[in-house]
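Each remark here refers to the structure printed beneath this line.
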Amino acid sequence: MYALIDCNNFYCSCERVFNPKLEGRPVVVLSNNDGCAVARSDEAKDLGIAMGTPAFMIQDELRKHNVAVFSSNYTLYGDMSDRVMQTLSGFCPRMETYSIDEAFLDFQDMAYSDLLQLGLTIRKTVKQHTGIPTTVGIAATKTLAKMANRFAKKKRPDTGVFWAANKQLVEEMLANTIIRDIWGIGAQHARFLQKKGFHTAMELSQAPDDWVRKELSVVGLRLVHELRGIPCIADEFELPAKKNICTSRSFGNLLTCKSDIREALCNYAATCALKLRKQNSCCKTLEIFVQTNPHKIEHRQYVRSIRVQLERPTNNTSEIIKYAVKGFDIIFKEGYLYKKTGIIAMDITPDTHIQTGLFDSANQEKDKVVMTVMDTINRSLGKDLVRMAVQGFDKKFRVRAEHLSPRYTTDINNLLKIRN
DNA sequence: TCTGGGGTCCTAGGACCC
DNA sequence: TCTGGGGTCCTAGGACCC
């Protein structure tokens, strides 16, 4: 049996923990650049604010209903997530952090018998330790646990827990879940299946294997087996190292000046190198891309990317920046209004045993020490004060974040004050 | 004025090799 | 007229997830 624990409206709930006045009031958290609504409290959902709606399209509505609006505060959400996961891991050693606000617990080999009661205890404990409300779904496979979680939100709002404990409960759940709400079925496949006459998860679970394999590939077949209660999705209790690492942002304003855009890219390259070091990896290929704003159909469009092979795997900031600029100089073209640039590190390998080139002149040991010192200083300051000159300090590309809450849990200057 | 960012996996098709 | 059969590697693009 698997449990899927999901934090309710996670980003909104994080804001509420430190600002209880928001309780009962609609809350919306925006994406980077204050672009779209990516998290909504139940009250905001009731107002009809859909996931991913551009903020400028709902300005009036937000004001009219006195919605509390926040920019994304990833420092806060990341730290709160760590605390939730820490609490969950106390219930079961076989835990898999699936995303910032979700985790699977695998109860195989555990002595728990009443999983419904266990679910209730988990919810209560997480709430007590972190202030974050959760929902718990329990079932035989991960796909069914996901479904049970969704089912709990809809049909068990009072307890927040659903355990698909027997055949009858599983069937009740399958029959009451529409195709589009199955984990792994997106808009495209939902439309296709609809046309073929499938409406519920129950119906899909009974589709013939051959047909599913042919129309939905092995991914679909795995999914159908999961619906039948046969686990097909591998457990990953260790956080696997990322296979690609991407750093990219849209600019607050459209940019035309080459040096401004290059400066942005150098900053993303530095972040990318830091992410590599954090997971003890190096990369051997970089992909650099630039693009104009595709929503501005009246503007001339330009999208281009390039792959750059490195001489040897690296995670050194100045090295990564050097190659990023090299690629950028090839693909950048004057005369366009640019919206975004970014860098993807690929061909990722562990940072032990780096194959050095025969004529390597770089002193890698020295570089490594420099990086370690830089990371240590920046980490202790909580910001990237030690930087490369090309990163600049005058960020023309800065993203918008006009509704940012304090970093309550990670910055001593942002501690919540009860009374002045 | 204003439309996120970061991932994964799978398939098809081309290039190349023997 | 006619054009092997495998295998591997790479890339692009689609679909999905949070």
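The sequence lines fix the lettering, A, B, ..., with proteins before strands; numbering per chain opens at 1.
- A salt bridge links A:Arg312 with A:Glu319: at least one charged nitrogen is closer than 4.0 Å to a carboxylate oxygen.
- At the heavy-atom level, A:Glu102 lies under 4.0 Å from the strands shown only through sugar-phosphate atoms.
- Nucleic acid contact class of A:Ile100 (heavy atoms, under 4.0 Å, all strands): none.
- Place A:Met51 and A:Cys246 on DNA chain B by their nearest nucleotides, and A:Met51 ends up nearer the 5' end.
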Handout entry: Dot-bracket encoding of pairs in DNA chain B, which uses [ ] for pseudoknotted crossings and | for another strand, Watson-Crick or G-U under 3.5 angstrom
Key = ....||||||||||||||
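- No contact: A:Ser72 has no heavy atom under 4.0 Å from any strand.
- Across all strands shown, A:Ile185 has heavy atoms under 4.0 Å from sugar-phosphate atoms exclusively, and none from any base.
- Put simply, the side chain of A:Gln301 gets close to the backbone of A:Asn293: a donor and an acceptor are under 3.5 Å apart.
- Defined by atom type and a distance below 3.5 Å, a donor-acceptor pair is present between the side-chain atoms of A:Glu102 and A:Ser99.
- Contact annotation for A:Asp101: backbone-only contact, meaning every heavy-atom pair under 4.0 Å involves sugar-phosphate atoms and none involves a base.
- In summary, contact between chain A and DNA chain B, defined as any nucleotide atom under 4.0 Å from a heavy atom of the protein, begins and ends at B:dC2 to B:dT11 in the 5' to 3' direction.
- Comparing the P positions of B:dG14 and C:dG4 gives a spacing of 15 Å, expressed to the nearest Å.
- With a 6.0 Å cutoff to the six-membered ring centre and a 45° limit on the axis angle, A:Lys155 does not count as a cation-pi contact of A:Phe162.
- Taking the nucleotide of DNA chain B with the nearest heavy atom to each of A:Phe56 and A:Ser250, the more 5' of the two is matched to A:Phe56.
- Taking the six-membered ring where the residue is Trp, the centroids of A:Phe332 and A:Tyr338 are separated by under 6.0 Å.
- Aromatic ring centroids of A:Trp211 and A:Phe198 lie under 6.0 Å apart.
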Exercise for the section: Show your reasoning for whether ring-ring contact (aromatic ring centres under 6.0 Å, His included) applies to A:Phe107 and A:Trp163. Expected result: CA-CA 13 Å; A:Phe107 294 132; A:Trp163 177 24; 9.5 Å; no
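- Proximity of a side-chain donor or acceptor of A:Thr53 to a complementary backbone N or O of A:Ala50 within less than 3.5 Å is detected.
- A:Lys142 has a carboxylate O that lies under 4.0 Å from a charged side-chain N of A:Glu96, or vice versa, which qualifies the two as a salt bridge.
- Ion pairing between A:Asp329 and A:Lys258 holds under the 4.0 Å rule for side-chain N and carboxylate O.
- A salt bridge links A:Lys153 and A:Asp6; the closest N-O separation between the charged side-chain nitrogens and carboxylate oxygens is under 4.0 Å.
- Contact check of residues 217-235 of chain A against DNA chain B (heavy atom, cut-off under 4.0 Å) returns A:Ser217, A:Val218, A:Val219, A:Arg222.
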